[in-house]
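Please read the structure below before turning to the comments.
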Amino acid sequence: MAVEKRSTSLEQVRNIGIMAHIDAGKTTCSERILYYTGKSHKLGEVHDGAAIMDWMPQEQERGITITSAATTTRWRDCEINLIDTPGHVDFTVEVERSLRVLDGVIGLFCAVGGVEPQSETVWRQADKYEVPRIAFVNKMDRVGADFFGVVGKIKNILGANAVPIAIPIGEGPEFSGVVNLVTNRAHYYDEKDKGMTVRIEEVPEHMRAAAGEWRRNLLEKACEHDDGLMEKYLDGDDIAPDELRAVVKKATHNQVICPVLCGSAFKNKGIQMLLDAIVNYLPSPADKPPIIGESARGSVRRRVPGEGNPLAAIAFKIMTDRHVGKLVYVRVYSGRLESGTYVLNSTQNKRQRVGRIMRMHANRQEMVDCLFEGDIGAVVGIGDTVTGDTICSEADPIILEAIEFPAPVLSVAITSRDRGDRDKIDKALQKLSEEDPTFLVSTDPETEDTIIAGMGELHLDILIDRMRREFGVEVDTGAPQVAYRESATIVSEVNERFAKQTGGRGQFAQVAIRIEPLPPGAGFEFVNAVVGGAIPKEYVPAVQKGLTDALVRGPFAGYPVVDVRVTLFDGKHHEVDSSEQAFRTCASMAFRKAMLKANPQLLEPMMSVNVSVPEEFAGGVTGNLCGKRGRITGMEPLASGQTIKAIVPLANMFGYASDLRNMTQGRASFTMHFEQYETVPLRIAEEVAAEKAKRLKSGA
């Protein structure tokens, strides 16, 4: 049988995403990309609930993106795999896992808002994965649009070498087109056919001085990264557009330049130039370095895209489809993934059979026989696979680096309205937690309540709404519970002895441990410093397990313990009565006593809050935030008011959307994301501990 070949060369593939702050226009931009590339024949608008990429009912009702949507389209003989990501901080997991598998990203910025809080968050996520970027300043038609102001903020706030390769012809209501600095031509978009027709003309007279200045800036920035181009520029020779593109492309791939374009997606201006920039400047899978992983024994392995290389792919997203079941989204780095074949899930060391393979277009599927290196698609049949697992060849295994996800900061207890729905609820929670690694489900061991935890109020609201719509179960929720933590403040030591005689063989163990506080975010560290065989080596893992058991419920208020180092430095054992269970129990007891001696403190999640508010309400909003134990960290002027920046305890931010609406007549907006854990003042910590004890006692 003939071996199937890919229809597009690897060099002509682009795996890209769009990332931005909420309401910067990501989905509108995606809709225009699909329209101009011929993938869709009608413009879907977010405000009408008709956007193709926002297909979930919750997205259409709220006008926001909740889940990353993938699609494939073509432009200038290039195959573009596009992922539209959410902008709301509660769904940052979607950005995280998308960036893990993308080769390039469009950073979208509002021409009025500029670099907004979530813009910074997603930019740092792209820095983490070293993803090359181009920037697109959107909404140039809005009153207050300031293209060069946004470019300055990209440089100053994000630290990027932002280099305009296009500048606007007019701003706000006067915005009429874009000057392409690479070709030194003006592009105008015909409004009669929704921008489909592009007129390319000479740069208008009133723009020539500015265009000349910014073209020189582009040439000088490019020359810094290419000696040949520098020589031609200094000699005064003409530089052809293709020469300039090649240098900008190389500098973009190396992340030393971030090309900046502009336009208005809603007004259908500038999107074709953005598509050209995707093809011209963002990397193909062939331009990326080899993907690095490990063998089962921990040795470094590499995979290079190319014909005949072993399969290596990563599962980056799980989705449940009511018609086809569990869909596993994968990015193939090398080899090919074929339907009907057996593969190895090397993360779990499980052999799995690949069922159907699909290319996704939002929530619609197109069946294909295989995915080639560089492709992104969805697979049915590998049901045990979870987010972050590696799928590879059985003959040549590799384990790729997993995806890290932030820990939830908010939890609520849920109860069924109908006792007969217990099984349906369990099934719904299992499927939703499979899809979303930041959605955790647990059972309180004392109250036996089902606890769901997520990234914020909106996150949990959406998930509860999905349980109702998709799984047909109604649940009631308790009051939101903050994810407090406990930690030590001083060093303490304990020598604990556990002895129990119940007839026959007894239980004996003795451990001496030292607890030390660690810096915030360090987690838990265990050190075995036992010498001379005081505790046999086979019992040390049991000691560590007993310590991790005790971490779950701290002695101050019953919350998990973080940021401590525990050193096991001495102990005793009995030849007959000692056992793993004895040492595990003894270690838990020792930990609790040592934590009580270590002056334990309660930690609470602090949120970075940014409020955009009209000038006349700024004072009231500032005072309200201070009243919530907030710290004002800065204020920035806006065209229509102020942006107030503050650090506020999450415990005091519940219901803030309603409070802010009432304070400002509905004219203010805010964003909030987790910043760090900080010590709770003693008086409030005692109240929290008393409230937790009361809930446990009442079983609520």
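Between the side chain of Glu486 and the main chain of Gly558, a donor-acceptor pair closer than 3.5 Å is present. Judged by distance alone, with hydrogens and angles left aside, the side-chain atoms of Asp375 form a donor-acceptor pair with the main-chain N or O of Phe372 at under 3.5 Å. At least one donor-acceptor pair under 3.5 Å links the side chain of Ser588 to the backbone N or O of Gly546. A donor-acceptor contact shorter than 3.5 Å is absent between the side chain of Ser284 and the backbone of Gln12. Side chain of Thr390 to main chain of Ser346: no donor-acceptor pair is present (N/O by atom type, distance under 3.5 Å, no hydrogens or angles). Checking side-chain atoms of Arg356 against main-chain N and O of Val380 turns up no donor-acceptor pair under 3.5 Å. Side-chain N or O atoms of Arg14 include one that pairs as donor or acceptor with a backbone N or O of Leu282 at under 3.5 Å.
The line from CD1 of Ile134 to CG of Leu108 is 10.0 Å long, rounded to the nearest 0.5 Å. To the nearest 0.5 Å, atom CG of residue Leu400 and atom CD1 of residue Ile291 are 5.5 Å apart. To the nearest 0.5 Å, atoms CD1 (Ile80) and OG1 (Thr73) are separated by 6.5 Å. Once rounded to the nearest 0.5 Å, the distance linking CZ of Phe674 with CE of Met607 reads 7.5 Å. The structure places CG of Asn345 at 9.5 Å from CD1 of Ile399, a figure rounded to the nearest 0.5 Å. Atoms OH and CG, from Tyr129 and Leu102 in turn, are 11.0 Å apart once rounded to the nearest 0.5 Å.
The two residues Asn15 and Pro285 make their nearest non-hydrogen contact at ND2-CG, 3.8 Å. Closest non-hydrogen pair, Cys392 versus Pro397, comes out as SG-CA, 3.7 Å. Across all their heavy atoms, Cys29 and Ile18 have their closest contact at SG-CD1, 4.3 Å. Contact between Arg301 and Ser295 at its shortest, heavy atoms only, is CG-N, 3.5 Å. Across every non-hydrogen atom of Thr37 and Leu34, the tightest pair is OG1-O, 3.3 Å. Of all the heavy atoms in Arg97 and Pro437, the pair that sits closest is NH1-CD, 3.5 Å.
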Could you walk me through whether Arg485 and Tyr677 pass the side chain to side chain contact (heavy atoms under 4.5 Å, CB included) check? CA-CA 8 Å; Arg485 297 288 183 263; Tyr677 272 93; 3.6 Å; yes
Evaluate side chain to side chain contact (heavy atoms under 4.5 Å, CB included) for Leu463 paired with Ile452, printing each intermediate quantity in order. CA-CA 10 Å; Leu463 290 164; Ile452 60 172; 5.8 Å; no
Run the side chain to side chain contact (heavy atoms under 4.5 Å, CB included) check on Arg303 and Asn309 step by step: do they pass? CA-CA 8 Å; Arg303 287 286 188 273; Asn309 287 328; 5.6 Å; no
Verdict with reasoning, Gln430 to Val441, per side chain to side chain contact (heavy atoms under 4.5 Å, CB included): CA-CA 8 Å; Gln430 179 190 350; Val441 181; over 6 Å; no
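A heavy-atom distance below 4.5 Å is not found between the side chains of Ile425 and Thr450. The shortest side-chain heavy-atom distance between Ser30 and Leu82 falls under the 4.5 Å cut-off. No side-chain heavy atom of Val304 sits under 4.5 Å from any side-chain heavy atom of Glu373. Looking only at side-chain heavy atoms (C-beta outward), Phe526 and Thr548 stay at 4.5 Å or farther from each other. The side-chain heavy atoms of Glu96 and Thr438, taken from C-beta on, include no pair separated by under 4.5 Å. Put simply, the side chain of Tyr329 does not reach to within 4.5 Å of the side chain of Val101, judged on heavy atoms. A 4.5 Å side-chain heavy-atom check between Tyr539 and Glu580 finds at least one atom pair inside the cut-off. Using a 4.5 Å heavy-atom threshold, the side chains of Asp436 and His459 count as touching.
The local environment of CZ in Arg302 is sparse, with at most 12 non-hydrogen atoms from other residues, nucleotides or ligands closer than 6.0 Å. Shown here is Glu11, whose CD atom has more than 12 heavy atoms of other residues, nucleotides or ligands within 6.0 Å. Taking a 6.0 Å sphere around NZ of Lys128, one finds it holds more than 12 heavy atoms contributed by other residues, nucleotides or ligands.
For Arg331 and Tyr333, the positive end sits near the middle of the six-membered ring, less than 6.0 Å away and at most 45° from its axis.
Side-chain atoms of Thr72 and Asn81 include a donor-acceptor pair closer than 3.5 Å. A side-chain donor from one of Gln581 and Thr585 sits under 3.5 Å from a side-chain acceptor of the other.
Under the 4.0 Å criterion applied to side-chain N and carboxylate O atoms, Asp423 and Lys427 are not assigned as salt-bridge partners. Checked for salt-bridge contact, Arg133 and Asp127 meet the test: a charged N lies under 4.0 Å from a carboxylate O.
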